[in-house]
Amino acid sequence: MRSPISAVTIVKSRTEKLCNLISQLERCSPTPDELVIVWMAPPSDLSLIQSDKFDIVHKFVTQEALPIAKARNKGMLSAKHENLVYLNVDAVISPTLCRDGLLALKDNTVLFTSVVFLPSEHCNKPYSAISKTEKQIGYLASNDETLPDDDNNEIPSRNQGNNHGKFSDDSICSTVFFIRKTDFQKTGGFDEGYAGFGLNDEDFFTNCRALGYSLEQLPTRTFAPHRPNYQCPVNHLLDFVRNAQRFHSKWGFYPCLNVLAAYAEKGFINSNFEEKGLKIVQLPEKEDESNDGVNTSTPHQPTAGIEFTSFHSPDKNQVRLSSTA
């Protein structure tokens, strides 16, 4: 049985994850009515894949590459139903996901599942198999408040100010979330001004809060592979700092303070960024891949004149996105 939900995902090269996600959605009861797949790269052999359980709508790039924010917006605005669920392509979802989301979703509300990050080799199994063995596996990060803290040395502390420094429950929550299409349009979508890695999720959910939306967690659990360099993605330093500057110019505070603190501890940025503004002090050298696959970086002086410009806050009266995008 189908439900009046449009599922949306984006994919670039992880086609095996896409096949797994489609299989999981087919096992849902009920299934979504459609799955919108936005391809961030040129078409592949799977670019016309279909399902007997629901409609699959493929959206393709019209340029060399499609940035994540633009791909997400294209998918969400192309959906035919008012009830939307966004899914990371590598998520391992519960068979009850569509039912649980549809029953709980309301106007001016964003619903997200609890997410448990596991070693990637365990995420190729069916949901039921992972559920039976997750305690033995041990989780690496989660936004699930019911899990004991002593099982986890990766998740940032939850004892921080009002969502102002987590790296990030917002980032984790974007793994699977439900929202009405009308409410998504009111947000202006994901900010396409962010470039590269980091903070687009934090910006989107901060925007939802600013609009007065209620962010609520479903009891439904999602599994996902652990993300490398979760705490301090050194190879994305320039993107992350630039995006943090944009975020600060819009919202008046820096997000993901523990990531920025880790950068400061490594000597990459100024330690007094909250008082003096965020600046690059040193750039990481090439990663050292000789330590049994563990990447390490040491700083060096940046090229002369490197500087990041400030970003102007966007017009508070954001233009409503067209659903014909």
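One-based numbering along the sequence shown.
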(message) On a heavy-atom basis, which atom in E16 and which in S13 lie closest, and how many Å separate them?
(response) OE1-O, 4.2 Å
(request) For residues N108 and K186, report the shortest heavy-atom separation together with the two atoms involved. (result) OD1-NZ, 4.2 Å
(request) Keeping the roles fixed (side chain from K59, backbone from W39), state whether a donor-acceptor pair exists under 3.5 Å. (result) no
(message) So L278 and V241, do their side chains get closer than 4.5 Å, heavy atoms only?
(response) yes
(request) Flag the pair D170 and R209 as a salt bridge only when some basic side-chain nitrogen lies within less than 4.0 angstrom of an acidic carboxylate oxygen. (result) yes
(message) Quick check: is L66 connected to L35 through a chain of hydrophobic side chains (ILVMFWY, heavy atoms under 4.5 Å apart)?
(response) no
(request) May I ask you to test the R242-Y194 pair for a side-chain heavy-atom distance under 4.5 Å? (result) no
(request) Please lay out, stage by stage, how R99 and S3 fare under the test side chain to side chain contact (heavy atoms under 4.5 Å, CB included). (result) CA-CA 8 Å; R99 182 197 68 190; S3 59; over 6 Å; no
(request) Begin from the C-alpha positions of D183 and L211 and carry the test side chain to side chain contact (heavy atoms under 4.5 Å, CB included) through to its verdict. (result) CA-CA 10 Å; D183 291 334; L211 289 170; over 6 Å; no
(message) Could you tell me if the side chain of T222 sits less than 4.5 Å from the side chain of N88, heavy atoms only?
(response) no
(request) Please confirm whether F184 and F204 have ring centers closer than 6.0 angstrom. (result) yes
(request) Check whether the ring centres of F178 and Y86 lie less than 6.0 Å apart, and answer yes or no. (result) no
(request) Report yes or no: do V89 and F54 belong to one cluster of Ile/Leu/Val/Met/Phe/Trp/Tyr joined by side chain heavy-atom distances under 4.5 Å? (result) yes
(message) If we count only N and O atoms by modelled type, under 3.5 Å, do the side chains of E82 and T182 hold a donor and an acceptor together?
(response) yes
(request) Let me see the working for Q282 and K266 under side chain to side chain contact (heavy atoms under 4.5 Å, CB included), right down to the final yes or no. (result) CA-CA 9 Å; Q282 300 179 92; K266 290 178 179 290; over 6 Å; no
(request) Determine, using the 4.5 Å side-chain heavy-atom cutoff (strictly less than), whether L97 and I130 are members of one ILVMFWY cluster. (result) no
(message) salt bridge (charged side-chain N to carboxylate O under 4.0 Å, His left out), that's the test. Do K17 and D90 meet it? Break it down for me.
(response) CA-CA 5 Å; K17 300 295 186 183; D90 56 4; over 6 Å; no
(message) Do E274 and L260 make a side-chain contact, defined as non-hydrogen atoms from C-beta onward lying under 4.5 Å apart?
(response) no
(message) So for atom CD1, which belongs to I68, do other residues, nucleotides or ligands contribute more than 12 heavy atoms lying within a distance under 6.0 Å?
(response) no
(message) Given the ring of F190, does R72 sit roughly above its face, with NZ or CZ under 6.0 Å from the centre of the six-membered ring and within 45° of the axis?
(response) yes
(message) Given 3.5 Å as the limit, does a donor-acceptor pair link the side chain of T9 with the main chain of L87, or not?
(response) yes
(message) With a 3.5 Å distance limit and no angle check, can you tell me whether N83 reaches the backbone of S6 through a side-chain donor-acceptor pair?
(response) no
(request) Nearest 0.5 Å please: distance from the OH atom of Y263 over to the CD1 atom of I280. (result) 8.5 Å
(message) Is the distance from the ring center of F112 to that of F205 below 6.0 Å?
(response) no
(message) Is the distance between the ring centroids of Y127 and F223 under 6.0 Å?
(response) yes
(message) Can a donor-acceptor pair be found, under 3.5 Å and without considering hydrogens, that links the side chain of Q24 to the backbone of A91?
(response) yes
(message) Could you measure the distance from the OG1 atom of T96 to the CZ atom of R221? Nearest 0.5 Å is fine.
(response) 12.0 Å
(request) Taking all heavy atoms of N20 and all of C123, pick out the closest pair and write down the distance. (result) ND2-O, 4.1 Å
(message) Assigning hydrophobic clusters by single linkage (Ile, Leu, Val, Met, Phe, Trp, Tyr; side-chain heavy-atom cutoff under 4.5 Å), is I49 placed with I10?
(response) no
(request) Flag yes if I56 and V8 sit in one hydrophobic cluster, no otherwise; membership is Ile, Leu, Val, Met, Phe, Trp, Tyr, and two members link when side-chain heavy atoms are under 4.5 Å apart. (result) no
(request) Nearest 0.5 Å please: distance from the CG atom of D107 over to the CZ atom of R180. (result) 5.0 Å
(message) For E192, is there any backbone N or O sitting under 3.5 Å from a side-chain donor or acceptor partner on K70?
(response) no
(message) Does E265 have more than 12 heavy atoms from other residues, nucleotides or ligands lying within 6.0 Å of its CD?
(response) no
(request) In plain terms, say whether R2 and E34 are close enough for a salt bridge, that is, a side-chain N and a carboxylate O under 4.0 Å apart. (result) no
(message) Looking at D203 and R246, is any side-chain nitrogen of the basic one under 4.0 Å from a carboxylate oxygen of the acidic one?
(response) no
(message) Would you say that S29 contacts P95 through its side chain, given a criterion of any heavy-atom pair below 4.5 Å between the two side chains?
(response) no
(request) Could you tell me which non-hydrogen atom of C256 sits nearest to which non-hydrogen atom of F240, and how far apart they are? (result) CB-CZ, 3.9 Å
(message) With heavy-atom distances below 4.5 Å as the criterion, would you say the side chains of V110 and L105 are in contact?
(response) no
(request) For residues S94 and C28, report the shortest heavy-atom separation together with the two atoms involved. (result) O-SG, 3.7 Å
(message) I need the I93 CD1 to T175 OG1 distance, nearest 0.5 Å.
(response) 12.5 Å
(message) Within the structure provided, determine whether M1 and T31 are in side-chain contact (heavy-atom separation under 4.5 Å).
(response) no
(message) Less than 6.0 angstrom separating the ring centers of F253 and F247, yes or no?
(response) yes
(request) For N243 and G198, work out which heavy atoms get closest and say how close. (result) ND2-O, 2.9 Å
(request) Decide side chain to side chain donor-acceptor pair (under 3.5 Å) for T220 and D100; before the verdict, give the C-alpha distance in whole Å, the side-chain angles of both, and the deciding distance to 0.1 Å. (result) CA-CA 7 Å; T220 315; D100 298 343; 2.7 Å; yes
(message) Given 3.5 Å as the limit, does a donor-acceptor pair link the side chain of S51 with the main chain of K53, or not?
(response) yes
(request) Please tell me if the side chains of Q245 and K279 come closer than 4.5 Å, counting only heavy atoms from C-beta onward. (result) no
(request) To the nearest 0.5 angstrom, please state how far the NE2 atom of H58 sits from the CG atom of L46. (result) 8.5 Å
(message) With rounding to the nearest 0.5 angstrom, report the CZ to CD1 distance, F60 to I37.
(response) 9.0 Å
